[in-house]
Amino acid sequence: MSTKPSKTAITPTRAEDYPEWYQQVIRAADLAENSPVRGCMVIKPWGYALWENIQQALDAKFKATGHQNAYFPLFIPKSFIEKEAQHVEGFAKECAVVTHSRLEADADGKLVPAGELEEPLIVRPTSETIIGEMFSRWVQSYRDLPLLINQWANVVRWELRTRLFLRTAEFLWQEGHTVHATQKDAMEETLRMLDIYADFAENYMAMPVIKGRKTAHERFPGAEETFCIEAMMQDHKALQAGTSHYLGQNFARSSNIRFQNEQGELQYAHTTSWGVSTRLIGGMIMTHADDDGMVVPPRLAPQHAVILPIYRDDAARAEVLAYCKSLQAELAAATFHGLPVRVTLDDRDMPGGAKGWQWIKRGVPLRIEVGPRDIASGSVFVARRDTGEKKSQPRGEFVATVAAQLQAIQDNLLARARAFRDTNTRVIESKDEFYAYFTPKNKEKPEIHGGFALAHWNGSSAIEEQVRADLSVTIRCIPLDGDLTPGTCIFSGEPSHQRVIFAKAY
RNA sequence: CGGGGCGUAGCGCAGCCUGGUAGCGCACCUGGUUCGGGACCAGGGAGUCGGAGGUUCAAAUCCUCUCGCCCCGACCA
């Protein structure tokens, strides 16, 4: 009783040391861990199940909008990457390069690379160039368009500084690549996919996002326009959770993607690309997790509910387990958003308190305790992970309303995250106010501070650069659904079309 | 890749300054008593002290190098 390690399951708390808290949540929830390979993580079953649920939901949305999955090579010839000048510049610094084809034992028995390749292969950091090459073979006529392809894959970017889920050297993602006859069609596609991401973030991840356009400075290398969804984490920093690019004819030119139009004229196509990654899991953690560990939004939860049997002796055990199994079957027959309710019965022989805390730390939305008293009264004792609320409910009523209860949690998580974001978003009218907003009180050990600043900006990248140099604050996006009232740039005094979002970012 | 911090049992840590051959809490295993929000008692297993050199009779401890992790910066999903 007195051996509680602390008041919270996670130490330190968010307020005490946010980055360390993040690491500890991942460990406590058994989501992932660092691997022997520098910068690469092992995604453990509970974390991978989240990714599988993300995949399943998004994949259905991609298919519903006419996309098809395909798979392209992991290796990209160096000459392909070189085709698009800005693209090269953007990715050259972080590429893993394969130069040899085998290993040979040297005099000491050590293996050394041998069989140098004629042309080095790049482990894909993204697939525009190799897919572009294939698209150039597949597209000949306007009748071949639009070409709508998606790939689920791993990619490698040799990052110097990594963080589990948020930035790892290898990560999992999906990359959509499409080809269109006109700019209008391609731009519509770009925004359609952005909307899908935003809808997914809010309605599945319960993570409110702002849809916006990147400034030239923050654009994808080689893109004409980059759109993004930006979310606010609990340390008030922004997380770019998804991107959608209108690539213009840049990659069409470099990969020679041309088609004959209805007039028989040969023209370059317009392409798009868009992606989300395992970073989304990091976003979910930093949006919903608390000082007791992970909190998973029900629509993506590996398990919606866990049944925890409570008994003292073997006689009670048999009775309780039988009751739990039938309850499990009833719940599994219920549906939540068209899918069976996922419910697990945890009958491991271990102290009940410790067992319960394991599920709290993993973030399972509903914990159902069933003991002799519940059986006697035909009820179940249910705890909500998001609010901590606990109450006894008649069994039949619980089974009948389980989907509604899960949806209530889903809705609460979104509402709570939105309220958090809104209270940490500030309209800023002057440079002084801006600098004060983004300057911590404690310089040595900065407290959580700042947030989203909505401020007028004249479009100058020199100002962007200055703010970044002074405060590590960047323009996260120019909101698409923002207030379009013109005003005055708070840095230059020049006219501004609309407010943009400034924040510190991951 | 630059600056700072840290690597001791699965996790969190003490020991290091002032060298003497490794400890605590949790977790794990066994037995018993317990059991409706992190149970208790007793016993037990587990660590080449990140790695490699060096100094020394003796190194977790001192010195050099190296690898990894975390934070800040630059860069990025």
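Sequence lines set the chain letters: A, B, ... in the order given, protein chains first and strands last, and positions in each chain run from 1. Every value quoted in this text rests on a predicted model; they were computed, and no experiment measured them.
rU8(B) sits 37 Å from rA77(B) when the C1' atoms are compared, rounded to a whole Å. For rA58(B) and rG43(B), the P atoms lie 38 Å apart once the distance is rounded to whole Å. Look at the P atom in both rC63(B) and rU48(B): the space between them is 24 Å, to the nearest Å. Taking atom C1' in both rU56(B) and rU21(B), one finds a spacing of 14 Å when rounded to whole Å. Here the separation of rA52(B) from rA14(B), taken at their P atoms, is 24 Å to the nearest Å. To the nearest whole angstrom, the two C1' atoms, one in rG54(B) and one in rG44(B), are 39 Å apart. The same atom, C1', is picked in rG4(B) and in rG10(B); the two are 29 Å apart, to the nearest Å.
In this structure, Asp290(A) does not pair ionically with Arg14(A), as no charged nitrogen and carboxylate oxygen lie closer than 4.0 Å. A salt bridge is absent between Lys361(A) and Asp292(A); no separation between the charged side-chain nitrogens and carboxylate oxygens falls under 4.0 Å. Using a cutoff of 4.0 Å between basic side-chain nitrogens and carboxylate oxygens, Glu170(A) and Arg157(A) are not scored as salt-bridged. Taking a cutoff of 4.0 Å between a charged side-chain nitrogen and a carboxylate oxygen, Lys78(A) and Glu82(A) qualify as a salt bridge. A salt bridge links Arg476(A) with Glu218(A): at least one charged nitrogen is closer than 4.0 Å to a carboxylate oxygen. With salt bridges taken as basic N to acidic carboxylate O contacts below 4.0 Å, none links Lys355(A) and Asp349(A).
A residue-by-residue look at Pro221(A) and Leu164(A) shows that Leu164(A) has its nearest nucleotide of RNA chain B further toward the 5' end. Between Arg38(A) and Glu218(A), it is Arg38(A) whose nearest contact on RNA chain B lies nearer the 5' terminus.
Residues in residues 41-52 of chain A take part in these side-chain hydrogen bond (donor to acceptor under 3.5 Å, both in side chains) pairs, two or more places apart or across chains: Asp30(A)-Lys44(A), Glu33(A)-Lys44(A).
Across the strands present, rC16(B) finds no partner; the criterion is a Watson-Crick or G-U wobble pair with both atom distances under 3.5 angstrom. The nucleotide rG53(B) finds its pairing partner in rC63(B), both defining distances of the Watson-Crick or G-U wobble pair being shorter than 3.5 Å. rG68(B) is paired with rC6(B) under the criterion used here, namely a Watson-Crick or G-U wobble arrangement in which both key atom distances are under 3.5 Å.
The base of rG37(B) sits within donor-acceptor range of the side chain of Lys390(A), with an N or O pair under 3.5 Å. Donor-acceptor pairing under 3.5 Å, judged by distance alone, is present between the side chain of Asp374(A) and the base of rG36(B).
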Polar atoms only, N or O, under 3.5 Å: list the protein pairs with nucleotides 10-12 of chain B and their distances.
unit_1: rG12(B); atom_1: OP1; unit_2: Arg27(A); atom_2: NH2; d: 3.3

Polar pairs (N or O, both sides) under 3.5 Å between protein and nucleotides 28-35 of chain B?
unit_1: rC35(B); atom_1: OP2; unit_2: Arg312(A); atom_2: NH1; d: 3.0
unit_1: rC35(B); atom_1: N4; unit_2: Arg312(A); atom_2: O; d: 2.6

Under the ring pair (Phe, Tyr, Trp, His ring centres under 6.0 Å) criterion, do Phe502(A) and Phe434(A) qualify, and how do the steps go? CA-CA 9 Å; Phe502(A) 288 86; Phe434(A) 185 92; 4.9 Å; yes

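When the C1' atom of rG37(B) is taken as reference, atom CD of Gln358(A) falls 14 Å away, rounded to whole Å. Atom CD of Gln23(A) is separated from atom P of rC69(B) by 11 Å (rounded to the nearest Å). Rounded to whole Å, the distance from CG on Leu160(A) to P on rC70(B) is 13 Å. Between the P atom of rC69(B) and the OH atom of Tyr22(A) lies a distance of 15 Å, rounded to the nearest Å.
When distances run from any side-chain atom of Ala9(A) to the nucleotides rC71(B), rC69(B), rG38(B), the shortest one goes to rG38(B). Counting only heavy atoms from C-beta on, Pro19(A) has its side chain closest to rC70(B) among rA77(B), rG37(B), rC70(B). Picking from rC75(B), rG37(B), rG38(B) the nucleotide with the shortest atom distance to the side chain of Ala383(A) gives rG37(B). For Pro372(A), taking side-chain heavy atoms from C-beta onward, the closest of the listed nucleotides rC70(B), rG36(B), rG37(B) is rG36(B). Comparing atom distances between the Glu159(A) side chain and each of rG37(B), rC75(B), rC70(B) picks out rC75(B) as nearest. Each of rC72(B), rG37(B), rC75(B) was ranked by its minimum atom distance to the side chain of Lys93(A); first place goes to rC75(B). Listed nucleotides: rA77(B), rC75(B), rA74(B). Nearest to the side chain of Gln240(A): rA77(B). Taking only side-chain atoms of Trp357(A), from C-beta outward, the nucleotide of rG37(B), rA74(B), rG36(B) with the closest atom is rG37(B).
The side chain of Arg373(A) contributes no N or O atom lying less than 4.0 Å from OP1 or OP2 of rG36(B).
Of the residues in residues 459-479 of chain A, those with a non-hydrogen atom less than 4.0 angstrom from any atom of RNA chain B are Arg468(A), Ser472(A).
Gln240(A) pairs by the side-chain hydrogen bond (donor to acceptor under 3.5 Å, both in side chains) definition with Lys214(A), not counting sequence neighbours. Residues meeting the side-chain hydrogen bond (donor to acceptor under 3.5 Å, both in side chains) test with Thr178(A), sequence neighbours left out: His180(A), Thr272(A).
Remark: aromatic rings of Phe91(A) and Phe220(A) are close, center separation under 6.0 Å.
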